[in-house]
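Remarks on the structure that follows.
Since the model is a prediction, treat every value here as computed from it, not as a measurement.
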2 protein chains.
Amino acid sequence: MAETLTTAALTLKDIAREAGVSLATVDRVLHNRPGVRPDTVRRVRDAIERNSFQPHVAAAELARGRARRFAFVMPSGPNPFMQQIEAYLGEMTAWLSARRLNVEMVTTDVFDAAVLAASLETLSGDYDGVAVVALDHPTVRAAINDLVDAGSKVVTLVSDVPSSRRHHYVGIDNIAAGRTAGALVGRLVGGRSGKVAVVAGSQGLRDHAERIFGFNQVMASEFPDLSVLPVLEGRDEDERSEQLLARLLGRHADIVGLYNVGAGTQGVAQALNNKALSEAGRDKVVFVGHDVTALTRRLLLQGVMDAAISQNPGHEARAAVRVLLALARGEPILREQEKIRIDIVMRDNLP
Amino acid sequence: MAETLTTAALTLKDIAREAGVSLATVDRVLHNRPGVRPDTVRRVRDAIERNSFQPHVAAAELARGRARRFAFVMPSGPNPFMQQIEAYLGEMTAWLSARRLNVEMVTTDVFDAAVLAASLETLSGDYDGVAVVALDHPTVRAAINDLVDAGSKVVTLVSDVPSSRRHHYVGIDNIAAGRTAGALVGRLVGGRSGKVAVVAGSQGLRDHAERIFGFNQVMASEFPDLSVLPVLEGRDEDERSEQLLARLLGRHADIVGLYNVGAGTQGVAQALNNKALSEAGRDKVVFVGHDVTALTRRLLLQGVMDAAISQNPGHEARAAVRVLLALARGEPILREQEKIRIDIVMRDNLP
DNA sequence: CTCAAAATGAGTTGCGTACCTCAAAACACC
DNA sequence: GGTGTTTTGAGGTACGCAACTCATTTTGAG
């Protein structure tokens, strides 16, 4: 009827007694300090293991004294998604200062490898942890590795650099996101056959490329009645996206679906809402895009957009902080908790 | 370019000096202990406010000494959703014991108000916090209020008792969940017209009733071509659900959609997979249900089920612990973080 | 066996708060 | 003014660990 999930509360002193050594030696083992025989190390580790001893977080935190410094390296442009991340970090201030954590925002041009790498270099050695929205480029990869070597914990945010030695990635699986978009477009089109348009920022961006890959995968294998048109590269700009898409819609009368991979949503929506189009009596185009912002929220409510694939920015911000903290403390990471899920947002489950 | 989100690290001593009182007095104010003139209380509060002082969580936790005890009151039956919650709590053991938190599972018949209330009464006074999957019934409400009066922090889990004085509810908005299910069934049916079946556990359960309400709302207002059949009450049992549904499918040849509100999924799926049905050359029935379990996962992959509305059980378990801890510490709750979102899970974004 | 180096023990201090005691001061009341 | 009560100050101890010093023991190489 009742079952306890936790163990007794041992202290380092107990471990020392168990292992037959002094507190000083346990301390040396626990912090990988030199001057302990391998044999003794093993005995201490065994005692810790046997009793599944967990150092008291509060005591450890209190004893170390100095506060921890984390840096968030974010794009400098007016990106709503990033602004939301900043906003959520702002909401955590009480939480952060109660734990004596200092979080600093560093903005930079994350799309220029050299600039980004330079920004990262300036942080070297000064921070316990760094979260960075990273471009996947050799220069950036080197900068990240340098940070790691300097002792910082590094977490990539939103966009990963898998070839670097970063400690963790906080963000979604973009291939799965693309697959989900594909499934949604296919299903929501509802059996009609026709063409599907894809608008992306650039196929050079890792996350965009991966999403397109996943999207095509699903379309090819599961919706043979739908054919995907060549990807339009709108560079995440509204005007350009609108023009390209408008032209495409003009050329193909049988477009029934649209996947907008990145930003430029405003332009895409305008191209879809074009008067000439609706007057031609064409079917509604199923429109699936990314991220819940003020704009996409409105479009979903209006029925212009049918579904948004969303990675909760608040969750990303908080997860990044928690992961950095856990890494800095040497605690295990709750992988399930820190995993960023792919949310499907439709009108009725708008958050 | 760089911006800090946190404030200086003051201590209680600083506040005492600021307010012109001694440490003891600050302590009395902070813990609402008696024996301080209202005027002095104000001076201390002002000093705290002015400096936006935050007590050091780690120090407070260390000083109080004794561990905190939390109880989770859960249904005793073999409910996969609840089992997942237990499993996720199990994964947190390291996290919990590092914070000296004791979590105990108490199983009981949560569907019997008297039994549940009795279980709650036995916990009175012994726990810092209680999370309970609660039936909304006057007896239970009273028991919850008693717990609150005895000094425990109380959180309702999955199913709420809004009229009680519980401190927090960790779970989804079930009306919105029903609306989402409605939108999914409607959209995935893809323009066909016909009838929609609804299978629930019982309309007496608050969460089921709310889901049905939301579902009907959307169906009525947005999908006039679909008519919802009277709700089948399967009592969350497989056999009963299967029989009822099979009979209904036999009577109505034009059922195109199905919403399974609660459990009994196995039976529902079997009724749908009935040979006689497929041999009759009928269209596929769009099937939307709740929760991602081993079973629904399989059904989604097989294409039998089209979408699952999910409230992430891991998230619920962790949120309940975090909320109880924050309440016990007197910390503010990060509402955005602890809000349980309604996830739409389809084959391609299976977690 | 000798001696230096390596390993270990014993101990201290401090982190910021909770919680407690006891004495002193301020106050209210008659 | 004296009395009793309320309010405040001063100080101590404890929590579990990090980080450090210094003395002592053990070890291994010559």
Quiz item: Start at the 5' end of DNA chain D and walk down; is the nucleotide closest to B:Arg37 or to A:Ala59 reached first?
Solution: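 With B:Arg37 and A:Ala59 compared, the 5'-side residue is B:Arg37.
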Self-check item: A:Ala58 vs B:Val36, nearer the 5' end of DNA chain D by closest nucleotide
Solution: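 It is B:Val36, whose closest nucleotide lies nearer the 5' terminus.
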Practice problem: Using heavy atoms to find the nearest nucleotide of DNA chain C for A:Arg43 and B:Leu62 separately, return the residue whose nucleotide is more 5′. | Solution: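 Checking each residue's closest nucleotide, the 5'-ward one belongs to A:Arg43.
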Quiz item: In a check of side-chain contact (heavy atoms from CB on, under 4.5 Å) between B:Val73 and each of B:Leu120, B:Val133, B:Leu157, which one passes?
Solution: B:Leu120
[X] side chain: which of [options] is closest?
{"X": "B:Leu30", "options": "D:dG16, C:dA18, C:dT17", "value": "C:dA18"}
{"X": "A:Ala24", "options": "D:dG16, C:dG11, D:dA18", "value": "C:dG11"}
{"X": "B:Thr25", "options": "D:dA18, C:dT17, D:dT8", "value": "D:dT8"}
{"X": "A:Leu12", "options": "D:dC17, C:dA18, D:dA19", "value": "D:dC17"}
{"X": "B:Thr40", "options": "C:dT17, D:dT8, D:dG16", "value": "D:dT8"}
{"X": "B:Ser22", "options": "C:dA18, C:dC15, D:dA10", "value": "D:dA10"}
{"X": "B:Ala63", "options": "D:dA18, D:dT8, C:dT17", "value": "C:dT17"}
{"X": "A:Arg28", "options": "C:dT17, D:dG9, C:dT8", "value": "C:dT8"}

Quiz item: Which atom names give the shortest non-hydrogen contact between B:Ala328 and B:Lys153, and what distance separates them?
Solution: N-CG, 4.0 Å
Quiz prompt | Shortest non-hydrogen contact between B:Arg165 and B:Asn145, atoms and distance | solution =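 Nearest pair, atom of B:Arg165 first, then B:Asn145: N-OD1, 2.8 Å.
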For [N], does either OP1 or OP2 sit under 4.0 Å from a side-chain N or O belonging to [X]?
{"X": "A:Arg66", "N": "D:dA19", "result": "yes"}
{"X": "A:His56", "N": "D:dC15", "result": "no"}
{"X": "B:Arg64", "N": "C:dC19", "result": "no"}

How many Å lie between [atom1] on [X] and [atom2] on [N], as a whole number?
{"X": "A:Leu10", "N": "D:dC17", "atom1": "CG", "atom2": "C1'", "result": "15 Å"}
{"X": "B:Lys13", "N": "C:dG14", "atom1": "NZ", "atom2": "C1'", "result": "11 Å"}
{"X": "A:Arg42", "N": "C:dA7", "atom1": "CZ", "atom2": "C1'", "result": "16 Å"}
{"X": "A:Asp27", "N": "D:dC17", "atom1": "CG", "atom2": "C1'", "result": "8 Å"}
{"X": "B:His31", "N": "D:dT8", "atom1": "NE2", "atom2": "P", "result": "17 Å"}
{"X": "A:Asp39", "N": "D:dT27", "atom1": "CG", "atom2": "C1'", "result": "13 Å"}
{"X": "B:Arg99", "N": "D:dC15", "atom1": "CZ", "atom2": "C1'", "result": "17 Å"}
{"X": "B:Ile15", "N": "C:dG16", "atom1": "CD1", "atom2": "P", "result": "13 Å"}

Quiz prompt | Under 3.5 Å: donor-acceptor pair, side chain of A:Asp128, backbone of A:Phe70 | solution =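 Between the backbone of A:Phe70 and the side chain of A:Asp128 there is no qualifying donor-acceptor contact (under 3.5 Å).
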Exercise. To the nearest 0.5 angstrom, please state how far the CZ atom of B:Arg318 sits from the CD atom of A:Glu336.
Key: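 If I round to the nearest 0.5 Å, the distance is 6.0 Å.
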Quiz item: NA contact type, B:Gly35, heavy-atom cut-off 4.0 Å: base, sugar-phosphate, or nothing?
Solution: base
Quiz prompt | For D:dG30, the Watson-Crick or wobble counterpart (both distances under 3.5 Å) | solution =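 Pair assignment: D:dG30 / C:dC1.
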Self-check item: Residues B:Arg43 and B:Asp46 bridged, charged N to O under 4.0 Å
Solution: no
